[in-house]
Chemist: 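The structure follows.
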Amino acid sequence: LEYQQYRCALTGRKLTPQTAALDHIVPIQRDGKHTIDNTQVLHKDVNRAKGSLTNREFIQLCHEIVLWPKIASANEESK
């Protein structure tokens, strides 16, 4: 927690021992290693949402979620 200045590695959310969760950057299920350089501390809600995705996959998914309402709205307006 100190190394990350008590902030979630992916969102910057403030962390406490109660809200922190250890995460594997490349999930163990995806052949990630259980080593310190493959770990980060995330907010527990973020860790739950990330599941077995890599950081890149999770960030891409979040990007799609943010963009979709704009795309859907533009599609509705063009009808």
Chemist: Do His43 and Arg48 come close enough that some side-chain heavy atom pair is under 4.5 Å?
Modeler: no
Chemist: Cluster partners of Leu61, using ILVMFWY side-chain heavy atoms under 4.5 angstrom, listed by chain and number?
Modeler: Leu10, Leu42, Val46, Leu53, Phe58, Ile59, Ile65
Chemist: Specify the closest pair of heavy atoms between Ser52 and Gln29, including all atoms of both residues, with the distance to one decimal.
Modeler: CB-OE1, 2.8 Å
Chemist: When rounded to the nearest 0.5 angstrom, what is the spacing between CG in Asp23 and CG in Asn47?
Modeler: 4.5 Å
Chemist: Would you compute the distance between atom OG1 of Thr16 and atom NZ of Lys44 and round it to the nearest 0.5 angstrom?
Modeler: 8.0 Å
Chemist: With rounding to the nearest 0.5 angstrom, report the NZ to OG1 distance, Lys14 to Thr19.
Modeler: 9.5 Å
Chemist: As an exercise, state the distance from NE2 of His24 to NZ of Lys33, rounded to the nearest 0.5 Å.
Modeler: 11.0 Å
Chemist: Answer whether the closest heavy-atom distance between the side chains of Arg7 and Arg13 falls below 4.5 Å.
Modeler: no
Chemist: Please indicate whether Ile36 has more than 12 foreign heavy atoms, meaning atoms of other residues, nucleotides or ligands, lying under 6.0 Å from its CD1.
Modeler: no
Chemist: Counting distance only, does the side-chain N/O of Gln40 pair as donor-acceptor with the main-chain N or O of Ile25 below 3.5 Å?
Modeler: no
Chemist: With no hydrogens and no angle check, is any side-chain donor or acceptor of Asn38 less than 3.5 Å from a backbone partner on Val26?
Modeler: yes
Chemist: Please list, chain by chain and in numerical order, all residues satisfying side chain to side chain donor-acceptor pair (under 3.5 Å) with Glu64, sequence neighbours excluded.
Modeler: Gln60
Chemist: Does Thr11 use its side chain to pair, donor to acceptor, with the backbone of Cys8 at less than 3.5 Å?
Modeler: no
